[in-house]
Amino acid sequence: MRIDLTVNGRAQAAHCEPRRTLADFLRHDLGFTGVRVGCEHGACGSCTVLVDGATARSCCVLAAQADGSEVTTVEGLATTSLNPLQESFRRHHALQCGFCTPGMLAVAAELLREVPTPTEAEIRTAISGNLCRCTGYHNIVAAIAAVGEENRRGTAGEGGRDGQGA
Ligand code: FES
Ligand code: FES
């Protein structure tokens, strides 16, 4: 079947089996390899993308279900430079292997859009469904909190207060 999507602001279309997951469709059919596939059953959060602005575990969504949607992957978070959230992850050493990072960035973007100045508890709750084997989470929380602090001061750019930058 033919699937039409908007991915990171650009129209995309491809044919796939009706059983194709959105994760595999994005990675293998459209080439958005920033979509990471870990557990493939909704447990790790690494495949999280934004579908019509809301986080979704793309391994648990069929491409057919997302037909006509607007999808944002990690490739869409920045254009020529890192957005404030990505830059904060870099500055706070919030990643090691980076496998979990696209999913973490997606949930953080959604959180910061809904709660521009989140508490530590709100941050930890937001990322609680995303597993990271490397960092111990502390630096991830610090990176997101720093963008929240920039939002409080009114100094965050695109990707801060509006969360997505995409
Ligand atoms: Fe989708 Fe783990 S790969 S939740
Ligand atoms: Fe390696 Fe999170 S940085 S799993």
Side-chain angles (χ1 to χ4, degrees), residues 3 5-8 12 14 16-78 81-114 118 120-148 159-160 163-166:
I3 307 293
L5 291 174
T6 301
V7 184
N8 303 330
Q12 302 278 351
C16 70
E17 293 283 329
R19 65 185 176 185
R20 190 75 152 160
T21 66
L22 178 60
D24 287 343
F25 184 72
L26 290 169
R27 267 190 76 85
H28 301 298
D29 299 338
L30 299 183
F32 292 97
T33 54
V35 180
R36 302 287 162 74
V37 178
C39 66
E40 295 189 82
H41 65 268
C44 74
S46 65
C47 66
T48 304
V49 297
L50 296 164
V51 178
D52 292 332
T55 51
R57 293 176 184 232
S58 59
C59 73
C60 296
V61 177
L62 295 174
Q65 291 175 291
D67 189 32
S69 299
E70 292 202 14
V71 175
T72 303
T73 70
V74 71
E75 289 93 341
L77 291 180
S81 61
L82 299 180
N83 78 8
L85 191 53
Q86 292 171 307
E87 176 59 29
S88 190
F89 268 57
R90 186 196 67 78
R91 201 169 57 244
H92 289 86
H93 307 290
L95 61 146
Q96 290 179 29
C97 79
F99 198 87
C100 69
T101 309
M104 289 287 185
L105 289 168
V107 297
E110 182 181 57
L111 171 67
L112 290 165
R113 190 186 64 227
E114 295 178 355
E120 179 177 337
E122 287 170 327
I123 294 169
R124 289 190 181 276
T125 297
I127 67 169
S128 62
N130 289 60
L131 301 182
C132 176
R133 297 280 183 173
C134 305
T135 65
Y137 301 97
H138 179 77
N139 289 1
I140 294 172
V141 173
I144 299 168
V147 178
Q164 294 185 39

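Start at 1 and go down the list; that is how both ligands and their atoms are numbered.
With atom 1 (Fe) of ligand 1 as vertex, Cys59 SG and Cys47 SG subtend 100°, rounded to 10°. The SG atom of Cys44 and the SG atom of Cys39 subtend an angle of 110° at atom 2 (Fe) of ligand 1, given to the nearest 10 degrees.
Near Gly45, with a cut-off below 4.0 Å to any heavy atom, the atoms of ligand 1 are 2 (Fe), 4 (S). Interface atoms of ligand 1 facing Glu40, defined by a heavy-atom separation under 4.0 Å, are 2 (Fe), 3 (S). Each of the atoms 4 (S) of ligand 1 lies under 4.0 Å from some heavy atom of Gly42. If you number the atoms of ligand 1 from 1 as listed, the ones under 4.0 Å from a heavy atom of Ala43 come out as 4 (S).
Listed for the His28 side chain is no donor-acceptor partner under 3.5 Å among the backbone atoms of Asp24. Judged by distance alone, the side chain of Thr125 and the main-chain N or O of Glu122 form no donor-acceptor pair under 3.5 Å.
Taking the charged nitrogens against the carboxylate oxygens, Arg90 and Glu87 do have a contact shorter than 4.0 Å, which makes a salt bridge.
With a 4.0 Å cut-off on non-hydrogen atoms, His41 does not touch ligand 1 at all.
Exactly one residue among Ser58, Cys59, Ser46 makes a side chain to side chain contact (heavy atoms under 4.5 Å, CB included) with Val35. That residue is Ser58.
Among protein atoms, those of element N, O or S found less than 2.8 Å away from atom 2 (Fe) of ligand 2 are Cys100 SG, Cys132 SG.
Here the closest heavy-atom approach between residue Asn130 and residue Gly45 is recorded as ND2-O, 3.2 Å. Considering every non-hydrogen atom in both Tyr137 and Leu131, the closest pair reads OH-CA, 3.4 Å.
Atom 3 (S) of ligand 1 has its nearest heavy-atom neighbour, among Gly38, Ser58, Cys60, in Gly38.
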